[in-house]
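So you know, we letter chains A, B, ... as the sequences are listed, proteins then strands, and number each from 1. These values consider heavy atoms only, across backbone and side chains, with no hydrogens, waters or symmetry-generated copies.
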Amino acid sequence: MTDEKRIERLSAMLKRRGIILPAFEIYGGVSGLIDYGPVGASIRRRVIQNWIEHWTINGDIVEIDSPTITPENVLIASGHVGEFNDLMTQCEQCSSAFRADQLVEGYHPNPDILVSKEIDEILTAEKIKCPNCNQSQWTSSKPMNLMFGTKIGAMKSSRQAYMRPETAQGMFMLYPSLYRHFRQKLPFGAIQTGKGYRNEISPRQGMIRLREFNMAELEYFIDPENPPIIDLSANKEKITLIPDPNGNEHKEIRITLQDAIDNNVIKDKTVGYFLSRTWDFLIGVGIEPSKIRFRQHEGSEMAHYAEDCWDCEILGEHGWIECVGIANRTCHDLLSHEKHSNSNSLRAWREFDEVKVENKEILAAKTSVLGPMFRDRAGSVLSALENLENIPDNLPFNLELDDGSNVEITSEMVEKKMINNSIAGEWFTPHVIEPAFGIDRIIWHILDHAYEEIEKEGEKYNLLKLKESVAPADVIVLPLFEKDGMGVTARKLNSQINQMKGVKCLIDSSKSIGRRYARADEIGVPWAITVDHQTLEDGTVTIRRRDDQKQIRMEINQLLTLIDSNMVSTLF
RNA sequence: GCGCCUGUAGUGAAGGGGUUAUCACCUGAGGUUUCCAACCUCAUGUCCCGGGUUCAAAUCCCGGCGGGCGCACCA
């Protein structure tokens, strides 16, 4: 943060040019909500498109899309309801905030179940002191759930629900379908992009902490005993890591990811792989390599579900900001959803290398005899027989049932049998590695890193050096003048280019040519085509490169071919 | 949520208990100009919202909303 005013000039430009603006501004605005304007929306769409293509390119990852409204039981299972319904209270003396249930621990057998009023009474009655300043003056406690609540349906039949705090749960809900889609073979993954919601207490720092934000998450399901084989040795780039938050090695190191895995700096290879793929994505959309680092989470700041977590932080005007979290969520989510939903389809089948053959002697029940004999107890007799550890040598014998009672089993009721079980494999709950991207934060840093203020002929000049892949438009057509048919030619060219698949072209004919170049440079359009007098004579135009203002004259048709095949940059 | 600072055209700023609120850039129309924010003429557009004090409030006071920073919080 060398220049304090730069962020203000950048923010003013983003607003002036219709990139990022405060939402609902004519009604005073709402903190933590933003609009992407006509230019910004194009950038956002392209960043997301890049992200989707980046992950789906190998075929082991598919895109899904789930509702943002989520019923409460899903979020109870995920832990979001329980973890974030804590009552908070604040010391009036020193303003420190604490979880109220932790303060009254020891004064009540189960502080978790107390409501706000009861906790306040205990705080006052027991004169509980502030751990920070030793005073005993507490504000009334308030529940702190950062989720936006809503109801599904009306009146009595309505059902409690929340706006999703993350997109991940959608992928877990679709696990059975994904498992079938991928022919029941791990590893595989699913991605989802969309809005997430958090009712932040205090949104800050422009578009860094929003209440409604664009997320992009990948859930990659693996067999923890047979993790994917990862080879990152081709990746020679040294990357900044801050590992070992609680140990002696907690400092920045520069290391290749392969070395980091080999030296156990990154313990999980799959996590290492996603660090690498995240790096590639960020570079691809124009984040500066020197402004990226990966920091390992401390135990205390880890989410309730995560086992190991690395943040990818990007340096910008707001300092180092967490933009991607890569977490090993283990089997936490799938297991919990299995329990809460009574489903048994959130598993995968692991075949053993060798089929295990088990020869076993059992007492097979003759149900036609047992049934009439024991009637309503027949069920428990059957299960006791099945669970019998040691087959008795002689019949009859006394069989103990679950309820502690005994029955006599005679030779008419059972038959000794040898069975051979062959066990080919086992069911297990897959582990999941989750890279979660904050798209708005990434877009902020793309803009931050691309924004350049230079001097041009003694004047200040701004440009956005966006990568072609995330520019709001690919090309802009500028008639030198409207007259003499230049405007007509330009409009025709604009429409021809816009008919190309995946290519977006703008046109601008107001004010002087220099001013129009400046406007296009400021929103980051990489190429400008100028229609001039010579165009009318010989069918050539000039193509201008944003980053150095170089121009090349060439035939319109030749240029159109290059634009269509995304090859304009080969000209220069 | 607390504390300090703060809010004037699209953007950046000046001013300030008084009758028509100022400037630059931007935007639009016209003119001029054969390629990098040129020039001329004209035009559009502002005191965050609500309440109070006052003959009079954009200005002072209170509250809200928004923004910045610090503390706290942050899946």
Euclidean distance for P, B:rC36 against B:rU44 (whole angstrom): 32 Å
Checking B:rC74, B:rU27, B:rC35 against the side chain of A:Ile513 (C-beta onward), the nearest is B:rC35
How close do A:Leu562 and A:Met554 get, counting heavy atoms only, and between which atoms? CD1-CE, 3.8 Å
Please give the distance between the P atoms of B:rA57 and B:rG18 as a whole number of Å. 11 Å
With heavy atoms under 4.0 Å as the rule, sort A:Gly206 into base, sugar-phosphate or nothing. sugar-phosphate
For RNA chain B, what is the dot-bracket line, given that a base pair needs Watson-Crick (N1 to N3, plus N6-O4 or O6-N4) or G-U wobble (N1-O2 and O6-N3) geometry with both distances under 3.5 Å, and | means paired with another strand? (((((((..((((....[...)))).(((((.......)))))....(((((..]....))))))))))))....
Rounding to an integer number of angstrom, what distance separates B:rG7 and B:rG63 when you compare their C1' atoms? 16 Å
Base, sugar-phosphate, or nothing: which does A:Gln549 touch, judged by heavy atoms less than 4.0 Å apart? base
Taking CD1 in A:Ile152 as the centre, count heavy atoms belonging to other residues, nucleotides or ligands within less than 6.0 Å. Is the count above 12? yes
Interatomic distance at P, B:rC42 relative to B:rU22, whole Å: 16 Å
What is the distance from CD of A:Glu317 to P of B:rG67, rounded to the nearest Å? 19 Å
For a quick check of understanding: with a heavy-atom distance under 4.0 Å over all strands, which category does A:Gln205 fall into, base, sugar-phosphate or nothing? sugar-phosphate
Quick note, A:Phe481 side chain, CB onward, closest among B:rG28, B:rU33, B:rG1 is B:rU33
Confirm from the modelled atom types if A:Ser202 and B:rC74 form a donor-acceptor pair under 3.5 Å, side chain to base only. no
Does the side chain of A:Arg159 reach to within under 4.5 Å of the side chain of A:Lys151, using non-hydrogen atoms? no
Please give the distance between the C1' atoms of B:rA21 and B:rG17 as a whole number of Å. 14 Å
For A:Tyr27, answer base if it contacts any base atom (sugar-phosphate contacts may also be present), sugar-phosphate if it contacts only those atoms, and nothing otherwise; contact means non-hydrogen atoms under 4.0 Å. nothing
When the P atoms of B:rU8 and B:rU59 are considered, how many whole Å apart are they? 13 Å
Might you point out which heavy atoms bring A:Ile563 and A:Ile529 nearest each other, and give the distance in Å? CD1-CD1, 3.8 Å
Say you pick atom P in B:rU54 and the same atom in B:rC61; how far apart are they, in whole Å? 16 Å
Just checking A:Arg544: base, sugar-phosphate only, or nothing, at a heavy-atom cut-off of under 4.0 Å? base
Report, one line per pair, each donor and acceptor closer than 3.5 Å where one atom sits in a side chain of residues 197-204 of chain A; sequence neighbours left out.
{"from": "A:Asn199", "atom 1": "OD1", "to": "A:Arg211", "atom 2": "NE", "distance (Å)": "3.4"}
{"from": "A:Glu200", "atom 1": "OE1", "to": "A:Arg209", "atom 2": "NH2", "distance (Å)": "2.9"}

Sugar-phosphate, base or nothing in reach of A:Lys456, heavy atoms under 4.0 Å: base
Side chain of A:Arg16 only, heavy atoms from C-beta on: which candidate in B:rG10, B:rG67, B:rC71 is closest? B:rG10
Any side-chain heavy-atom pair of A:Leu493 and A:Ile556 under 4.5 Å: yes
A:Glu166 CD to B:rC74 C1', straight-line distance once rounded to whole Å: 14 Å
Using a distance-only criterion (donor-acceptor N/O pair, under 3.5 Å, no hydrogens), is the base of B:rC36 paired with the side chain of A:Glu457? no
Applying a 4.0 Å non-hydrogen cut-off, can you work out what A:Ser510 is touching in the nucleic acid: base, sugar-phosphate, or nothing? sugar-phosphate
How would you label the contact of A:Thr530 with the nucleic acid (heavy atoms, under 4.0 Å): base, sugar-phosphate, or nothing? base
Under 4.0 Å, heavy atoms only, any strand: does A:Arg204 hit a base, just the sugar-phosphate, or nothing? base
Same-atom distance (P) from B:rC49 to B:rG66, integer angstrom: 15 Å
